[in-house]
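Below is one structure, written out as structure tokens, with a few remarks after it.
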There are 4 protein chains.
Amino acid sequence: MKKSKPKYMQIIDAAVIAIAENGYHQAQVSKIAKQAGVADGTIYLYFKNKEDILISLFEEKMGNFIEKIDQMIAGKGTATEKLLMMIEAHFSMLYEDHHLAIVTQLELRQSNKDLRLRINNVLKGYLQVIDKIILEGIETGEFSPDLDVRLARQMIFGTIDETATSWVMNEEKYNLLALASPVHRLLINGCGFGRLVE
Amino acid sequence: MKKSKPKYMQIIDAAVIAIAENGYHQAQVSKIAKQAGVADGTIYLYFKNKEDILISLFEEKMGNFIEKIDQMIAGKGTATEKLLMMIEAHFSMLYEDHHLAIVTQLELRQSNKDLRLRINNVLKGYLQVIDKIILEGIETGEFSPDLDVRLARQMIFGTIDETATSWVMNEEKYNLLALASPVHRLLINGCGFGRLVE
Amino acid sequence: MKKSKPKYMQIIDAAVIAIAENGYHQAQVSKIAKQAGVADGTIYLYFKNKEDILISLFEEKMGNFIEKIDQMIAGKGTATEKLLMMIEAHFSMLYEDHHLAIVTQLELRQSNKDLRLRINNVLKGYLQVIDKIILEGIETGEFSPDLDVRLARQMIFGTIDETATSWVMNEEKYNLLALASPVHRLLINGCGFGRLVE
Amino acid sequence: MKKSKPKYMQIIDAAVIAIAENGYHQAQVSKIAKQAGVADGTIYLYFKNKEDILISLFEEKMGNFIEKIDQMIAGKGTATEKLLMMIEAHFSMLYEDHHLAIVTQLELRQSNKDLRLRINNVLKGYLQVIDKIILEGIETGEFSPDLDVRLARQMIFGTIDETATSWVMNEEKYNLLALASPVHRLLINGCGFGRLVE
DNA sequence: CATGAATGAGTGTTCATTCAT
DNA sequence: CATGAATGAACACTCATTCAT
């Protein structure tokens, strides 16, 4: 299988660096090849075209992350605790890989609609993990029984994503990891004191 | 001033339509010119370059919106009520202009980093409105006194944005306006029952 | 109309020269543009793509020739005389335009099958002229009444084409025009004395 | 010698099939290798380069044909009869090998000028056979004593070639073999009744 | 003010050939 | 002898911008 070939990951890792350092549109195939230490043509032995590199990049990195999260939260713990673990894992992944953070939060978003749709497909796995936690929280009584799952998921993902993007845009000046806990508290408690009745 | 010229807005409106219908990368200057009913060269009498059209587009549309919001929440009402008004105004704007929704939520995001940074500059005005509401809420005791303003703002904006983007991506199948109230409740209350202590 | 623009013919003429001097596969678009004294991009204001230049080239040059022939033989004269006029006109066209001879007899033949099919479409007009002469010859009793029109046409065209190609391949060492009359006699009389009975 | 190795012909036959089925420009070396059941690199143990495969293909197939013709007409018979035998042999060869017909009549013609010059070199052997028949016909009085041998040869070859090419282009809808006799009669008698005097 | 013809820089991809195994 | 992974040169086409009219 392709993925067992060492050059497959070598090229993907090179793409992350090339895109992070040059920007999405300035990361030409030849630049990625050079970064990977292979010839331009070699790229096409492992990827169908340039877009395929980007899809694969996202699938490998995000796919791995989702699997990791999935296993992590499979064990014991409340839904509330699981949500915290997930946020920490997410922030940790970005915190530990500077290049990857830039690529996923900024550069990959300027891909065209088709590519974004395929990226969203990968993201679905992540959203399903969030949904799983929400449903569990409702069942155990931790979360409000009339919580709209879709909206809750959008709040959780939107908040995490916006926090991460702001951090990257601010050139990672502060410690993203330290934000996991307060972000988590916000998501659980909201801004107010739960006194809202409509 | 440029903006007093009728062709200025004519071109911006044409750009919204051209981008919404063709996608960001397929909305060539010549297509925008054609849609606006002017010659290609005329564009450059009103805008410095293509990027300037996009910036101006965002400034005009979002700037108007921010002003409107600012006036709207200047009147009486609690912070909680103001937040709801803001969300409703935001969703309403997208709901009422199909093309604009596509352009701001999907297409304009695939601009390059430089352009996005300048767009974010426009967004700062919006974020300041959010901040104003949060601070007011803390002062009045509606919101938790130890709320991290930056994080709360990121949650609010992230949630609203993610909800809007999901709606556009789902081809606007459901009524976005109806989501304003539940989204608002979520932001105020969070997922749980405020019992989290860390 | 495109063809009224001077640059249209300017580019076609440049293509003839560029192809004749560099060969079909070495006549890059940029070389044609340079020869025509225009920018690369200008080519695409007048032609859909590179193949379109070649099709148009053939249509313009051969199309004109066919029209000329058609008018020429419309007047008086026997079929036999008309055939001679046609051969003379054909050889004359090649003889007078060294570059065109190379392009039509050698270079354009190495185009791909699709292009060749479209070129053949243009040639159909020429073959129809030949057919017209043959049919007239049969009617007037100049030609054998049981002549197979398709085969006769293939003999006439094949002989003319082979003669011209050989002449170009031999670097035009001898006078092609002088061959019109003997070729004509051959086509009318064949190799033998008409004594063949089968 | 190369030719004694079984893989030599194996590759040539594979080339004929690959070119006939995919077209000249789509018959990559790797496709020929796959068709031949050998590795890409193996090709280069038997041929200097890709062009060498094509030359060799033509030499093998056409060379064999020329030898066969040469022997065939060495026996008794008039020049007129020999010409018929040659046409029949030529048409028969194409008729019996569908792939070869496509390759020699259509695909190989889109090779570059150099390759075509070398192919013409192989063809010289064929043209010499034609010349031999013509000279014999003149000697025996079958053909006109003032026949221009070169032109007669060009008529004979051009007619045969054009007839064959038309047949292939028309997807071999009709029986090529049946055309040998009428084509032969045409070449001997010409279109008219031999009454032409100039 | 307005036009639109002309410009020309920039890049993903193919495929014949090589050579270490 | 045979393999097939790796190489890297080469090129058509787009489109934001200009400027003579």
Side-chain angles (χ1 to χ4, degrees), chain A residues 2 5-8 10-11 25-34 36-54, chain B residues 2 5-8 11 25-34 36-54, chain C residues 2 5-8 10-11 25-34 36-54, chain D residues 5-7 11 25-34 36-54:
Chain A
K2 270 183 188 173
K5 307 277 181 95
K7 291 208 172 151
Y8 176 82
Q10 192 176 327
I11 291 168
H25 285 114
Q26 278 308 302
Q28 296 91 342
V29 171
S30 63
K31 231 172 230 167
I32 296 174
K34 197 169 194 177
V38 300
D40 292 18
T42 305
I43 300 270
Y44 292 87
L45 296 177
Y46 296 91
F47 300 91
K48 222 168 72 244
N49 49 36
K50 186 179 180 183
E51 192 172 88
D52 191 31
I53 307 177
L54 306 175
Chain B
K2 274 180 186 176
K5 304 289 175 87
K7 285 198 179 163
Y8 177 81
I11 291 168
H25 285 113
Q26 279 308 302
Q28 295 90 345
V29 171
S30 64
K31 232 173 229 167
I32 296 174
K34 195 171 194 177
V38 300
D40 293 17
T42 306
I43 298 272
Y44 292 85
L45 297 175
Y46 296 89
F47 300 91
K48 219 169 75 243
N49 50 35
K50 186 181 180 181
E51 193 171 90
D52 190 30
I53 307 176
L54 306 176
Chain C
K2 271 183 186 176
K5 307 278 181 94
K7 291 209 171 148
Y8 177 81
Q10 191 176 327
I11 292 167
H25 285 114
Q26 279 308 302
Q28 295 91 343
V29 171
S30 63
K31 228 172 234 168
I32 296 174
K34 197 169 195 178
V38 300
D40 291 19
T42 306
I43 299 270
Y44 293 88
L45 296 177
Y46 296 91
F47 301 91
K48 222 169 70 245
N49 50 36
K50 186 179 178 182
E51 191 172 88
D52 191 31
I53 307 176
L54 306 176
Chain D
K5 305 288 176 87
K7 285 198 178 160
I11 292 168
H25 285 113
Q26 280 307 302
Q28 296 89 347
V29 171
S30 64
K31 231 173 229 167
I32 296 173
K34 195 170 195 178
V38 300
D40 292 19
T42 306
I43 299 271
Y44 291 86
L45 298 175
Y46 295 90
F47 299 91
K48 218 168 78 242
N49 50 35
K50 186 180 180 182
E51 193 172 89
D52 191 29
I53 307 176
L54 305 175

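In the text below, chain A, chain B and the rest are named by the order of the sequence lines, each starting its count at 1. Computation of the quantities below employed the complete heavy-atom set of this structure, encompassing side-chain atoms and omitting hydrogens, waters and symmetry-equivalent molecules.
Between C/Lys50 and C/Gln28, the shortest heavy-atom contact is NZ-CA, 4.2 Å.
Taking for each of C/Ile43 and B/Gly37 the nucleotide of DNA chain E with the nearest heavy atom, the 5'-most of the two is the partner of B/Gly37.
Applying the salt bridge (charged side-chain N to carboxylate O under 4.0 Å, His left out) test to B/Glu51 and every residue at least two apart in sequence or in another chain returns B/Arg118.
The CG atom of B/Leu45 lies 8.0 Å from the CD1 atom of B/Ile11; values are rounded to the nearest 0.5 Å. Note that OH of A/Tyr44 is 8.0 Å distant from CG of A/Asp40, once rounded to the nearest 0.5 Å. Separation of atoms OH (A/Tyr8) and CD1 (A/Ile53) is listed at 10.5 Å; rounding is to 0.5 Å. In this structure, CD in A/Gln10 is found 13.0 Å from CD1 in A/Ile32, a value given to the nearest 0.5 Å.
As a whole-Å value, the separation of A/Ile11 CD1 from F/dA6 P is 9 Å. Atom pair C/Lys34:NZ and E/dT7:P shows a separation of 14 Å (rounding to whole Å applied). With rounding to whole Å, D/Lys31 atom NZ is found 18 Å from F/dG4 atom C1'.
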Taking it one step at a time, do B/Lys31 and B/Lys34 satisfy side-chain contact (heavy atoms from CB on, under 4.5 Å)? CA-CA 5 Å; B/Lys31 232 173 229 167; B/Lys34 195 171 194 177; 5.6 Å; no
Annotated protein contacts, base or backbone, on nucleotides 13-21 of chain E with a non-hydrogen cut-off under 4.0 Å, one of B, S, - each: BBSSBB---
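Base-pairing analysis of DNA chain E finds the following stems of at least three consecutive Watson-Crick or G-U pairs, with both pairing distances under 3.5 Å: E:2-21 with F:2-21.
Neither OP1 nor OP2 of F/dA5 sits under 4.0 Å from any side-chain N or O of A/Tyr46.
When heavy atoms are screened at a 4.0 angstrom cut-off, B/Lys7 is found touching the sugar-phosphate backbone but no base atom.
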